[in-house]
Undergrad: 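Please read through the structure below; I'll follow up with questions.
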Amino acid sequence: NIVAKGENLIYVCGIIAAAALAMQVAISQVRHKIRYFRQMHRFFAVVLLLVAAAHWWPFTFFLIPATGVHATSVAIKQFVAQQELPHPATGHTGKAL
């Protein structure tokens, strides 16, 4: 019995992951028509990664480098905004021009 052993979570997460992936594909097809594409894409990407990690737990090891890179990026952006130094990529200060 699949339900008795607790393996139903694997199948449920697999179905949710497939649905989230289908949503990502659908959104990417009409990305130029959607005003808040980046926010929607980011949300569904997070959902897909979390469901994938719940579906197959070793997948969490693949998320560790991405988490570190994202945290570093956020820290640099906050530091530059606080120091009002030119941003390395754009050359602009943290304040609005």
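Here the structure is a predicted model, which means the values were calculated and not measured. Excluded from the calculations below are hydrogen atoms, water molecules and symmetry mates; all remaining heavy atoms, backbone and side chain alike, are included. Along the sequence shown, residues are numbered consecutively beginning with 1.
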Undergrad: Once you round to the nearest 0.5 Å, how far does OH of Tyr36 lie from CD1 of Ile27?
TA: 15.0 Å
Undergrad: Quick one: CD on Gln24 to CE on Met40, what's the gap to the nearest 0.5 Å?
TA: 9.0 Å
Undergrad: Please enumerate all residues that pass side-chain contact (heavy atoms from CB on, under 4.5 Å) together with Val74, with sequence neighbours excluded.
TA: His70, Gln78
Undergrad: Ignoring hydrogens and geometry, is there a side-chain-to-backbone donor-acceptor pair from Ser73 to Val69 under 3.5 Å?
TA: no
Undergrad: Is it true that a side-chain atom of Arg42 and a backbone atom of Gln39 form a donor plus acceptor pair closer than 3.5 Å?
TA: no
Undergrad: Could you see if Ile16 belongs to whatever hydrophobic cluster contains Val25? Use Ile, Leu, Val, Met, Phe, Trp, Tyr and a side-chain cutoff under 4.5 Å.
TA: no
Undergrad: Name all residues meeting the ring pair (Phe, Tyr, Trp, His ring centres under 6.0 Å) criterion together with Phe62; count only those two or more places apart in sequence or in a different chain, and write none if there are none.
TA: Phe59
Undergrad: Excluding sequence neighbours, so at least two apart, what forms ring pair (Phe, Tyr, Trp, His ring centres under 6.0 Å) with His41?
TA: Phe37
